[in-house]
Amino acid sequence: MTFETVIGLEVHAQLRTQSKLFCGCGTEFGHLPNTQTCPVCLGLPGSLPVINKRAVEMAIRTGLALNCSIRTTNVFARKHYFYPDLPKGYQISQYEEPICEHGWIDLNVNGESKRVRICRAHLEEDAGKNIHANEGGQSYVDLNRTGTPLLEIVTDPDMRSADEVVAYLKSLRDALVYLDVCDGNMEEGNLRCEPNISLRPVGSETFGTKVELKNINSFKNVKDAVEYEIKRQTKVLTEGGKIHQETRLWNIDLGQTAVMRSKEEAHDYRYFPDPDLLPLSIPEEWIEELRGTLQELPQARQQRFIQEHGLPEYDAGVLTSSRALADYFESCVQRFAEPKLVSNFIMGELLRELNQAGMAVESSPVSPDRLVELLQMVHNGTISLKAAKEIFPELYAGEKSATQLVEEKGLQQVSDEGALEHMIQEVVDKNPAQVEQYRSGKDAVLGFFVGQVMKTSKGKANPQKVNELLKRALSS
Ligand code: ADP
Ligand code: MG
Ligand code: ZN
């Protein structure tokens with residue numbers, strides 16, 4: 001029997017607010033344990049939570065970018081469980097009425113388009129951190145992270161392979177980073193992902209029993225863990241066994257998943273609306289105002305670069321890999337409408353220099369203006385593309401402009417017709433045999449003549465002009 005894989009993803013994105021979700025404590029990482037706390041996030045009796053408007057704003061902007069509808073009334077609920085890093089004994093989350101619903105992300109996976117639906121995205125607070133010391137057997141609790149705002153983004157079970165999961169996650173990460181609502185760093189834990197995986201016989205309409213994977217902290221982990229789990233479940237089912245509904249942990253060292261807890265031990269969270277928080281009422285005008293400020297997402301921008309600027313998909317992908325790079329490119333083509341020339345030069349020369357210096361494009365010493373000045377000289381034939389590439393490192397390093405560098409180095413191409421015609425005549429006169437060959441139909445001899453003229457000009461003749469003038473001279 002062959003099986004189809006079914007995967008749905010739960011992603012927790014830590015929102016980049018300065019303060020926590022329900023109190024004024026800072027969210028900055030790296031402070032001494034328990035110094036970023038107050039009665040609210042410590043869960044002391046009598047303290048009252050107050051919602052962070054900025055976190056709500058980030059949730060709305062994310063929801064809109066992910067094609068969600070935003071609920072104008074949504075409700076915070078208590079999700080109960082006991083753990084030492086959760087002093088209140090419950091987490092404030094959203095349950096039946098989340099802030100964002102019914103969105104989607106469109107993907108392109110191995111040349112095929114694919115829509116992954118997002119059933120909900122809700123706001124919730126993070127828990128603290130248990131630290132198990134190696135020596136002495138003690139454990140400690142650090143509550144600095146307690147109450148940090150998270151947006152949990154949940155998909156429908158729409159993915160069918162590890163590749164689709166990775167594509168979805170990358171696209172989501174790019175969107176979050178573009179929107180400036182999350183750092184999007186899986187290794188640092190501010191973007192966490194939990195895939196739910198089940199198999200079913202090909203053709204079956206009903207879903208099989210799912211397993212949830214945890215402890216995944218890189219894109220590579222995601223792919224490896226999902227692929228491992230698909231193999232494991234396939235083997236169990238092929239051998240006539242049953243899949244148990246459980247949570248499994250990915251073990252990087254072993255490259256395996258192992259049971260963490262089974263459904264029998266699963267929680268009954270006893271959700272109910274938090275009586276300390278009023279239902280959140282979001283004005284339509286605010287949603288529309290935020291919709292108006294949304295930036296174009298990377299994928300949409302990539303498509304636009306392909307259509308508007310006629311770039312190949314590859315170029316458009318590289319140029320939209322960061323907002324700053326895409327901005328840089330667009331500010332070049334606004335001044336100089338030769339997108340492919342600009343794109344080639346950015347991807348080749350500029351990125352090479354930036355990467356070597358470990359610099360971001362934001363701090364590029366070559367501004368779009370200065371790059372365009374150089375490329376215009378290529379375009380109008382003043383210098384060759386080769387010369388432009390040669391002087392680029394100096395343009396990058398120094399204070400001199402392209403025009404100054406070209407003049408100093410005498411790189412101007414000879415495009416002056418009079419001067420070129422003179423050289424051409426000389427070459428033609430010296431090679432009567434080749435002239436005969438050309439005139440009797442051997443077009444390839446033209447290359448010989450171009451070479452001779454380039455040599456005479458010490459490489460400075462404008463090859464296009466030379467071609468043009470040679471043809472004229474030879475056929476007359
Ligand atoms: P739970 O209550 O166990 O968290 P949910 O219904 O909230 O389950 O779903 C959690 C995630 O699991 C969602 O992304 C959903 O799409 C996915 N999911 C649900 N059922 C399945 C299934 N049978 N196989 C794979 N993924 C599933
Ligand atoms: Mg769940
Ligand atoms: Zn606090």
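Values below: all heavy atoms of this structure, side chains included; hydrogens, waters and symmetry mates excluded. None of these values were measured; they are calculated from a predicted model. Read the numbers this way: they start at 1 and go in the same order the structure lists the ligands and their atoms.
The part of Leu9 lying near ligand 1 is the backbone, judged by heavy-atom distances below 4.0 Å. Here Val6 has heavy atoms under 4.0 Å from ligand 1 in both its backbone and its side chain. Under 4.0 Å from ligand 1, not a single heavy atom of Asp158 appears.
More than 12 heavy atoms of other residues, nucleotides or ligands shown are found within 6.0 angstrom of NZ on Lys340.
Of the options Pro368, Pro339, Ser367, a side chain to side chain contact (heavy atoms under 4.5 Å, CB included) to Cys332 is made by Pro368 and by none of the others.
Checked against the 6.0 Å centroid threshold, Phe76 and Phe22 count as a close aromatic pair. Proximity of the aromatic rings of His132 and Tyr140 is defined here by a centroid distance below 6.0 angstrom, and this criterion is not met. Between Phe329 and Phe305, the ring centre distance stays below 6.0 Å.
Where the criterion is an N or O separation shorter than 3.5 Å, residue side chain and backbone included, Pro157 meets it with respect to ligand 1. Ligand 1 has an N or O atom lying under 3.5 Å from an N or O atom of Gly208, backbone or side chain. Polar contact check, Ser198 against ligand 1: a nitrogen or oxygen pair lies under 3.5 Å apart.
Across the listed options Ile118, Thr155, Thr206, Thr155 owns the non-hydrogen atom lying nearest to atom 15 (C) of ligand 1. Among Glu212, Lys210, Glu10, the residue whose heavy atom lies nearest to atom 3 (O) of ligand 1 is Lys210. The residue among Val11, Ile197, Asn196 with a heavy atom at the shortest distance from atom 17 (C) of ligand 1 is Asn196.
Under a 4.0 Å criterion applied to the non-hydrogen atoms of Asp156, ligand 1 contributes the atoms 16 (O).
Between the SG atom of Cys23 and the SG atom of Cys25, the angle taken at the Zn ion (ligand 3) works out to 110° after rounding to 10°.
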